[in-house]
Amino acid sequence: MKTDRTQVGIVGAGPAGLMLAHLLRLEGIESVVLETRSREYVEHRVRAGVLEQGTVDLMNETGLGDRLRREGLVHRGIEIRWDGRAKRIPLSDLAGGRAITIYGQQEVVKDLIAARLAGDGPIHFEVGSVALSGIDTNAPIVRYRHEGTDRELRCDVIAGCDGFHGVSREAIPATGRTEFHHEYPFAWLGILAAVPPSTEELIYAHHERGFALHSLRSPEVSRLYIQVDPDEDIERWPDARIWDELRIRLGLEGWHLNDGPVIEKGIAAMRSFVVEPMQHGRLFLAGDAAHIVPATGAKGLNLAVADVRVLARALAAWYATGDAGRLDRYTAECLRRVWRAQDFSATMSAMLHAYPGHDEFTQRRQRAQLDYLATSEAAARSLAENYVGLPFD
Ligand code: APR
Ligand code: PHB
């Protein structure tokens with residue numbers, strides 16, 4: 001058994017763990033990042049791609065903005081389609097000039113890994129048998145296996161950034177946490193396609209056959225989604241069927257959807273999840289380890305970044321002064337934003353998806369809501385301020 005020591009042990013090299021390591025380094029705090037997957041895998045995992053203004057600002061302020069400024073696509077509006085109608089929501093006009101930027105999550109991950117390696121910070125990929133202990137003491141330990149050797153990482157604090165299926169959350173005794181789960185009666189089938197987007201701005205479509213979304217990644221690559229049943233089998237969706245369905249659901253008179261080769265496809269469940277509190281003793285959970293939102297509001301990555309921003313500041317204050325006040329308030333500070341995002345994502349999801357059974361009461365309510373959005377500036381402004389992301393205090 002080999003023993004190492006660091007200040008903060010970070011479990012997971014997704015956006016949460018990597019951004020935390022980056023922010024801590026800027027504060028002069030040491031960390032070690034442990035990741036079960038390979039570097040290749042985490043850099044190419046296709047996930048979401050909408051960065052809120054606050055996420056973009058943080059990347060710029062902390063020296064991560066070079067490629068983002070070159071390749072990120074700044075969007076100042078989104079389009080909503082339903083019943084053969086289209087309505088643009090002018091996000092920036094309604095939300096004080098704030099905008100969203102389209103930049104794939106794996107690009108954020110690549111930039112963060114490059115920054116980590118340039119700064120000589122330890123990051124170990126392909127680790128196994130990760131286990132946390134001593135989180136109730138002031139010397140917690142992460143045990144893991146790497147390159148055939150059992151290792152022990154002694155820390156002051158552990159950051160559990162290992163996603164929804166990680167081990168960190170389970171290290172909190174069941175009596176010390178409450179979990180809130182909500183399953184939605186639909187999933188998304190997503191494709192990445194080598195075809196120029198047929199739109200300049202994201203299109204969210206409500207259709208009786210189900211929701212559809214036209215997003216993008218670059219001037220050459222489109223990202224599109226359709227609502228499917230949660231237990232849908234991807235084998236039933238050859239590419240041609242996906243394009244046909246997208247064409248119907250996104251359809252608008254005078255508008256044409258370009259199709260092209262599908263590079264990647266998969267089905268993702270829609271769920272909401274929150275664990276409270278997000279901390280126990282010397283363990284702090286961040287990102288998907290602590291909460292999941294349905295993808296409709298595009299909030300998952302942004303919440304993860306918001307969590308670690310709070311955590312890095314709290315740790316910096318604690319190391320500088322010994323005052324644990326901000327660390328103690330970590331959960332409360334994060335959960336305000338998390339529950340706001342849960343509400344926004346659930347509301348957007350309920351407005352835009354087709355519910356099984358096609359209950360007519362629900363359908364008429366959805367139309368009333370979409371019509372309100374199209375005609376009331378107050379309704380559109382509410383969507384806009386949530387979509388671009390609430391400012392940090
Ligand atoms: N030990 C070490 N690493 C682990 C372990 C473990 N036991 N279990 C999982 N991991 C790794 C995963 O392989 C993954 O790379 O932890 C990482 C968690 O990263 P993400 O799942 O991307 O989660 P997070 O960093 O919280 O990012 C926020 O919100 O909506 C989503 O798509 C968005 O993935 C993004 C997430
Ligand atoms: C994406 O581009 O992957 C994307 C965009 C908007 C969403 C969800 C995902 O609401």
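Both counts, for ligands and for their atoms, begin at 1 and track the order of listing. Just so you know, residue 1 is the first one in the sequence shown, and it goes up from there. Only a predicted model underlies this, so the values are computations on that prediction, with no experimental measurement involved.
Considering both main-chain and side-chain atoms, Gly287 never comes within under 3.5 Å of ligand 1 through any nitrogen or oxygen pair. Geometrically, ligand 2 and Tyr387 share no nitrogen or oxygen pair separated by less than 3.5 Å. At under 3.5 Å, not a single nitrogen or oxygen of Gly17, backbone or side chain, sits near a nitrogen or oxygen of ligand 1. Among the atoms of Arg45, some N or O lies under 3.5 angstrom from an N or O of ligand 1.
For Arg365 and Asp359, the salt-bridge test fails: no basic side-chain N is under 4.0 Å from an acidic carboxylate O. Salt-bridge annotation for Lys2 and Asp150: absent, with no side-chain N of the basic residue lying under 4.0 Å from a carboxylate O of the acidic one. Of the charged side-chain nitrogens involved, at least one lies within less than 4.0 Å of a carboxylate oxygen, so that Arg81 and Glu79 count as a salt-bridged pair.
In Ile292, neither the side chain nor the backbone holds a heavy atom less than 4.0 Å from any atom of ligand 1. Here Val42 has side-chain heavy atoms under 4.0 Å from ligand 1, and that is the only part of it that gets that close. When heavy-atom distances to ligand 1 are checked against a 4.0 Å cut-off, Ala304 comes that close only through its side chain, counted from C-beta outward. Contacts with ligand 1 closer than 4.0 Å are made by side-chain heavy atoms of Val130 only, the backbone lying farther away. At a heavy-atom distance under 4.0 Å, no atom of His165 approaches ligand 1. Counting heavy atoms under 4.0 Å from ligand 1, residue Lys299 does not touch it at all. If you look at Ser168 next to ligand 1, there are no close heavy atoms at all, none under 4.0 Å. At a heavy-atom distance under 4.0 Å, only side-chain atoms of Arg47, from C-beta outward, approach ligand 1. Residue contacts with ligand 2, taken as heavy atom pairs separated by less than 4.0 Å, involve Leu213 solely via side-chain atoms from C-beta onward.
Pairing each heavy atom of Arg236 with each of Arg241, the nearest pair is O-NH1, 2.8 Å. Here the closest non-hydrogen pair linking Leu117 and Arg39 is CD1-NH1, 3.4 Å. Considering every non-hydrogen atom in both Ala312 and Leu24, the closest pair reads CA-CD2, 4.0 Å. Contact between Leu373 and Met351 at its shortest, heavy atoms only, is CD2-CE, 3.8 Å.
Close contacts of ligand 1 with Leu34, meaning ligand atoms under 4.0 Å from a residue heavy atom, involve 2 (C), 3 (N). Listed by number with element, the atoms of ligand 1 under 4.0 angstrom from any heavy atom of Val167 are 7 (N). Under a 4.0 Å criterion applied to the non-hydrogen atoms of Gly300, ligand 1 contributes the atoms 29 (O), 30 (O), 31 (C). Near Val50, meaning under 4.0 Å from one of its heavy atoms, ligand 2 places the atoms 5 (C), 6 (C). Listed by number with element, the atoms of ligand 2 under 4.0 Å from a non-hydrogen atom of Leu202 are 5 (C), 6 (C). Which parts of ligand 1 touch Gly166 is read off a 4.0 Å heavy-atom cut-off, strictly below it: atoms 8 (N). Per-residue contacts place Gly49 under 4.0 angstrom from the following atoms of ligand 2 (heavy atoms of the residue considered): 1 (C), 3 (O). Close contacts between ligand 1 and Val11 involve ligand atoms 1 (N), 2 (C) [criterion: under 4.0 Å to a heavy atom]. Interface atoms of ligand 2 facing Tyr204, defined by a heavy-atom separation under 4.0 Å, are 6 (C), 7 (C), 10 (O). The atoms of ligand 1 that sit less than 4.0 Å from any heavy atom of Gln105 are 22 (O), 32 (O), 33 (C), 34 (O), 35 (C). In the vicinity of Cys161, heavy-atom distances shorter than 4.0 Å reach the ligand 1 atoms 16 (O), 17 (C), 18 (C). Close approach of ligand 1 to Arg37 is summarised as follows: ligand atoms under 4.0 Å from at least one heavy atom of the residue are 13 (O).
Looking only at protein heavy atoms, the nearest one to atom 36 (C) of ligand 1 is Asp288 OD1, 3.1 Å. Remark: minimum distance from atom 2 (O) of ligand 2 to any protein heavy atom is reached at Ser215 OG, 2.6 Å. When only non-hydrogen protein atoms are considered, atom 3 (O) of ligand 2 lies nearest to Tyr225 OH, 2.5 Å. Shortest contact from atom 3 (N) of ligand 1 to any protein heavy atom: Thr36 N, 3.5 Å. The protein atom (non-hydrogen) at minimum distance from atom 13 (O) of ligand 1 is Glu35 OE2, 2.6 Å. The nearest heavy-atom contact from the protein to atom 8 (C) of ligand 2 is Ala295 O, 3.3 Å.
Centroid-to-centroid, the aromatic rings of His182 and Tyr184 come within less than 6.0 Å. Ring pair Phe164/Phe273: centre-to-centre distance below 6.0 Å.
For CD of Glu179, the number of neighbouring non-hydrogen atoms (other residues, nucleotides, ligands) closer than 6.0 Å is greater than 12. Remark: Arg381 CZ is packed, more than 12 non-hydrogen atoms of other residues, nucleotides or ligands lying under 6.0 Å away.
Phe211 pairs in a ring pair (Phe, Tyr, Trp, His ring centres under 6.0 Å) with only one of the listed residues (Trp82, Tyr355, Phe186, Trp188), which is Trp188. Paired with Lys299 under the rule side chain to side chain contact (heavy atoms under 4.5 Å, CB included), one option of Val293, Val338, Val50 passes, and it is Val293. Checking each of Leu224, Leu213, Ile226 against Leu250 for a side chain to side chain contact (heavy atoms under 4.5 Å, CB included) leaves exactly one that passes, namely Leu224.
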- Is there a salt bridge (Lys or Arg N to Asp or Glu O under 4.0 Å) between Arg69 and Asp66 once you walk through the steps? CA-CA 5 Å; Arg69 280 191 298 274; Asp66 279 0; 2.9 Å; yes

- Going through the distances and angles, do Arg282 and Asp156 end up as a salt bridge (Lys or Arg N to Asp or Glu O under 4.0 Å)? CA-CA 7 Å; Arg282 291 286 180 95; Asp156 297 329; 5.2 Å; no

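Expressed to the nearest 0.5 Å, how far CD1 of Ile141 lies from CG of Leu153 amounts to 9.0 Å.
Aromatic ring orientation, Phe344 versus Tyr387: perpendicular (interplanar angle above 60°, classes split at 30° and 60°).
Using a 4.0 Å heavy-atom cutoff, Arg217 is listed among the residues neighbouring ligand 2. The shortest heavy-atom distance from Trp188 to ligand 2 is under 4.0 Å.
Geometric assessment of Arg247 against the ring of Trp255 yields a negative cation-pi assignment under the 6.0 Å and 45° thresholds.
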